Structure formats: structure tokens, C-alpha cells
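Only a predicted model underlies this, so the values are computations on that prediction, with no experimental measurement involved. Chain A is the first sequence line, chain B the second, and so forth, proteins listed ahead of strands; every chain is numbered from 1. Every heavy atom of this structure was used, including side-chain atoms; hydrogens, water molecules and symmetry mates were not.
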2 protein chains.
Amino acid sequence: MLQTTKKMIKMSPLARQSLGNQVADVLRAQVLLGELKPGDVIPERETSAALGVSRTPLREALLILEAEGLVEMLPAKSPVVANPSLLELTQMLLVQASLEALAGEIACVEATQSEIEAIEDIHNKMVATAHDADPIAFFEIDMSFHEAVVAASKNDVLIKTHNQFHVRLWRARFLTAGKVASRETSVGDHASIVEGLRRRDKEKVSSSMRDHLRKVIDNVTAMYAHQET
Amino acid sequence: MLQTTKKMIKMSPLARQSLGNQVADVLRAQVLLGELKPGDVIPERETSAALGVSRTPLREALLILEAEGLVEMLPAKSPVVANPSLLELTQMLLVQASLEALAGEIACVEATQSEIEAIEDIHNKMVATAHDADPIAFFEIDMSFHEAVVAASKNDVLIKTHNQFHVRLWRARFLTAGKVASRETSVGDHASIVEGLRRRDKEKVSSSMRDHLRKVIDNVTAMYAHQET
DNA sequence: TATATGTTTTTGGTATACCATATTTTTAAT
DNA sequence: ATTAAAAATATGGTATACCAAAAACATATA
């Protein structure tokens with residue numbers, strides 16, 4: 001339940017956000033956590049009842065998630081959690097690679113020294129976790145590394161655009177990152193990105209980023225070929 | 001009025017789309033045509049009444065346009081047509097430059113010969129129109145050139161993402177493209193892009209694209225500095 | 001006259017009732 | 001028993017009624 005009482009909790013004016021946005025946050029989290037899997041349907045009445053809201057804000061949330069590419073709404077069909085094809089995943093990763101390469105280049109100019117150090121810290125944490133068992137922890141550190149680099153560009157438009165693909169790619173990347181074998185390669189790739197940032201070498205960072213994402217594409221492709229969906 | 005009669009016109013199942021989407025199309029067109037200018041408010045009741053629909057589909061349209069970045073919705077405020085700052089425009093153009101550079105690179109590999117010829121045709125039409133009076137016609141040809149290059153990449157994700165920035169940047173680019181002086185430079189830039197595509201030279205196309213967009217950024221910056229908003 | 005306060009109005013946010021259509025189930029006929 | 005038609009049902013799409021909060025306005029007071 002999001003709101004069982006009529007009276008809302010007193011919030012500061014800036015923090016106030018519509019129920020629709022709150023519902024969107026809940027559903028988005030469920031998709032990322034795998035509680036809602038690709039292909040799952042989201043019937044309006046049932047879902048809104050389960051969340052304790054009416055259909056109106058639920059529909060608002062669905063529209064938001066549709067715009068983000070996480071949900072597909074077809075006429076006269078229940079909304080469905082997006083289930084991107086390998087082709088679509090590849091296309092997204094190509095775009096994402098360009099965005100991260102751009103972010104890396106800008107970061108070489110715009111990032112403060114402490115921001116670069118923070119990125120190094122994340123990288124070091126990732127190195128330390130590389131031989132641990134927990135795949136989720138490793139994956140989240142991996143993702144936060146990419147987020148940190150993009151954030152260092154300080155380009156809000158770029159950050160937001162990147163984040164949208166980030167979310168849409170989350171599940172596929174999580175599934176492929178599970179392969180322990182790929183951890184070593186990822187760590188190596190990140191190391192060269194970090195080195196490029198430290199030297200503020202735009203070309204190195206840019207190409208390292210692209211190379212890294214190219215490997216991710218290969219991993220995703222391999223997984224799809226293997227499970228033959 | 002979108003729908004004055006209860007009964008809808010019989011449509012093929014695939015063509016059917018919700019009223020909300022139709023309204024979004026109408027409002028989007030109004031923004032592009034300048035009938036709705038940045039900063040204009042879009043009160044829900046008034047606007048829905050004017051369009052002959054209820055508030056529900058109008059809100060749906062507003063949510064779509066908000067996701068596209070064309071409209072801003074703040075709590076307890078009437079929705080407002082987005083009025084991007086110079087900083088935001090610059091950030092968008094930087095991202096757009098990367099997207100178009102990527103599209104150009106892919107197009108060098110993926111575009112058919114006839115697609116490249118079609119791009120050449122657009123370019124030739126632009127050359128022919130360069131000394132005409134009508135700024136709108138020239139601008140639309142200019143934009144269709146960029147669209148054609150991106151379309152030639154055949155990467156749907158890229159095409160869609162590019163299109164969103166395309167729409168958000170439309171007005172600013174239109175205003176700056178008005179300067180007749182910049183036509184010559186634009187035509188020259190396009191010429192080198194076309195040449196790169198013909199030779200299927202990824203590096204040339206990519207760098208030409210970036211250079212071209214960099215000039216656009218300069219033009220936009222100059223205009224903002226001039227009118228001192 | 002200026003300011004503070006209380007009231008009215010306007011606005012977006014939410015819930016709900018209704019509608020049209022697509023789907024499923026039932027029933028009847030061959 | 002199979003199939004076709006018809007009725008029932010479930011689903012998303014739309015309109016509307018209602019609510020709370022914010023803004024605008026008016027009024028009274030210093």
C-alpha cells in the first residue's frame with residue numbers, strides 16, 4: 001500500500017510528487033529486481049488494487065514506464081513488461097557505448113580530482129569483490145562505476161539519457177554479468193578507463209569505454225545464442 | 001475538435017491509437033510550429049475543452065510530452081511548454097552530435113547505395129534552395145537531411161532517441177538557422193558528410209557530423225548572447 | 001496607505017462510473 | 001463430437017465528479 005490514509009504525510013513542497021510517480025518508482029524497482037519479469041502482464045485493475053491506489057495513478061505510472069521503454073502498452077491488451085529482442089539489446093548497447101564514450105571524454109575535462117578519486121574507489125572495491133560469491137553485489141558495483149563516470153560529465157541531459165538505457169539494459173546485463181569468467185575482463189577494462197581518466201586522456205577513455213561495451217554486447221549475444229530463446 | 005461524435009470512425013485495428021496519443025500529436029505539432037511557445041502554459045480544463053476531449057486523455061498527452069521533454073509539469077502548477085536554457089540546449093546538442101556521429105558511422109556500413117543517393121538528393125535540393133527566400137522550407141530540408149542519415153543506420157533505438165532530441169531542439173535550431181549567413185556553412189558541412197558517406201569513410205562522416213553540430217552550438221550560443229534572455 | 005488575514009476561486013491530483021471492444025465461455029445445431 | 005454462433009465477461013479507454021492545495025482577491029486593521 002502506498003497511501004491507505006486520506007491524509008498525506010506532511011511533506012516539504014519540493015519533495016511532493018504525484019501518486020503516479022510513486023507507483024512508477026515501485027514498478028520500476030520491481031522490474032529491476034526481477035520481481036516483474038519480461039513478458040509479465042500488468043492488468044490495471046488487479047495491479048492498482050494490489051498497490052492500494054485507483055487505476056488513474058496506476059495508468060499514469062504505466063505511461064511513464066512506457067515512455068522509458070520498460071513497459072509496452074498495446075491497444076486492448078494488458079500492459080506487458082518489455083521483453084527486448086537481442087537485436088534491440090544490441091542496438092541499445094551501441095547507443096549506450098557512444099553515450100558513455102562521450103561522457104568519458106567530457107569527464108576528462110570536467111571531472112574534479114576528487115570525482116576521479118571516487119571513481120577509483122569504486123574500481124578498487126570492484127577489484128576486491130571480484131572473487132567473492134555474491135553476483136548481485138559485484139554487479140551493482142559494476143553498474144555504479146559506469147554511473148559515476150557519466151555523472152562526472154556533469155551533463156544532465158547526458159546523465160538522464162544514459163540512465164534510461166541503463167535501466168532498460170539492467171536485466172540483460174545482470175544475467176550476463178553472472179558469468180564469473182567475465183569478471184576478470186570487466187575489471188581489466190575498468191582499470192584502463194580509470195587510467196585514462198587519471199591521465200585525462202580523452203581518446204583513451206573513449207576507446208576503452210567503447211571496447212568495454214563491445215565485450216558486453218558479445219556476452220549478451222553469447223547468452224542469447226546459448227539459451228536459444 | 002478531435003472527436004465530436006460518440007462513434008469513432010472505423011479504423012483498421014493497427015491504426016487505432018488512444019485519444020491521448022492523438023492529442024499528444026496535436027500538441028507536439030503546435031509546439032514545433034511555434035503555435036505554442038516556450039513558457040506558454042497548458043491549463044488542463046481549458047485545453048481539453050478547446051480540443052473537445054476530457055481531461056483524462058489530455059493528461060495522458062501531457063505525460064507523453066513531459067517524458068519527451070517538451071512539457072514540464074510541476075506540482076500545483078499548470079503544465080508549461082519547456083523553455084530550455086542555453087546550457088541545456090548545449091548539452092542536448094552535444095549528445096545529439098554523438099548520436100549523429102554514431103549514426104553516420106553505422107550508415108557507412110549499413111546504408112544501401114540507394115539510401116545514400118537519397119541523402120545526396122536531399123543535399124542537392126538544399127543547395128538549390130540555399131538562395132531562396134523561404135527560411136522554413138530551407139530549414140525543413142536541412143532537418144530532413146539529418147533524419148535521412150540517422151534513418152540509414154537502421155538502428156531503431158538510435159533513430160528514436162535521435163528523434164526525441166530532434167524535436168526538443170527544433171525551435172532553437174529553427175531560430176538560429178534563420179540567419180542566411182549560416183546557410184553557406186551548413187551546405188558545405190553537409191557536402192563533406194555526403195562525400196564521406198559516398199566513400200563509406202566512417203572517420204570522415206563521424207568527424208564531419210561532430211564539426212557540423214559544433215557550429216550549430218556556436219550559432220545557438222551567439223543567438224542567446226545577442227538577444228540576452 | 002500598507003500590510004496582514006481571511007475568503008473565494010482556480011488548479012492539478014485522484015477516485016469512480018461508464019463505455020466499447022476483445023476474449024472467453026456456453027450453448028445449440030449439424 | 002465438432003463447430004459455429006451468441007451471450008457473458010474481462011479489459012483497457014474515456015468522461016466526470018470530487019478533493020486538497022495553492023493562488024488571487026478582498027477586507028479589515030494598524
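- Which of dA22(C), dG12(D), dT14(D) sits closest to the side chain of Arg45(A) comes down to dG12(D).
- Residue Pro43(B) is the one, among Pro43(B) and Thr56(B), whose nearest nucleotide of DNA chain C lies closer to the 5' end (criterion: closest heavy atom).
- Aromatic rings from Phe165(B) and Trp170(B) are positioned such that their centres are separated by 6.0 Å or more.
- Residues Glu110(B) and Ser153(B) have side chains that never bring a donor and an acceptor to within less than 3.5 angstrom of each other.
- Between Leu58(A) atom CG and dT16(C) atom P there is a gap of 14 Å when expressed in whole angstrom units.
- One interatomic measurement links the two molecules: CD of Glu44(B) to C1' of dT14(D), which rounds to 15 Å at whole-angstrom precision.
- Across all strands, Ser78(B) comes closer than 4.0 Å only to sugar-phosphate atoms, never to a base (heavy-atom distances).
- Atom C1' of nucleotide dT14(D) and atom CG of Leu63(B) are separated by 15 Å, given to the nearest angstrom.
- Under 4.0 angstrom from either OP1 or OP2 of dG12(C) there lies no side-chain N or O belonging to Ser18(A).
- Of the side-chain N and O atoms in Lys77(B), one or more sit less than 4.0 angstrom from OP1 or OP2 of dA23(D).
- Between His162(B) and His166(B), the two ring planes are parallel [angle under 30°; tilted spans 30° to 60°].
- Remark: P of dC18(C) and CZ of Arg55(A) are 14 Å apart, rounded to the nearest angstrom.
- Using a 4.0 Å cut-off between charged side-chain N and carboxylate O, Asp25(B) and Arg28(B) make a salt bridge.
- In this structure, Ser54(B) reaches the dA15(D) phosphate: one of its side-chain N or O atoms is under 4.0 Å from OP1 or OP2.
- Note: CG (Leu51(A)) to C1' (dT14(C)) measures 15 Å, nearest angstrom.
- One interatomic measurement links the two molecules: CD of Glu46(B) to P of dT11(C), which rounds to 7 Å at whole-angstrom precision.
- In this entry the distance linking CD of Gln17(A) with P of dA21(D) reads 16 Å, nearest Å.
- For the pair Glu60(A) CD and dG12(C) P, the computed distance is 13 Å after rounding to whole Å.
- Glu72(A) has no carboxylate O lying under 4.0 Å from a charged side-chain N of Lys77(A), or vice versa, which leaves the two without a salt bridge.
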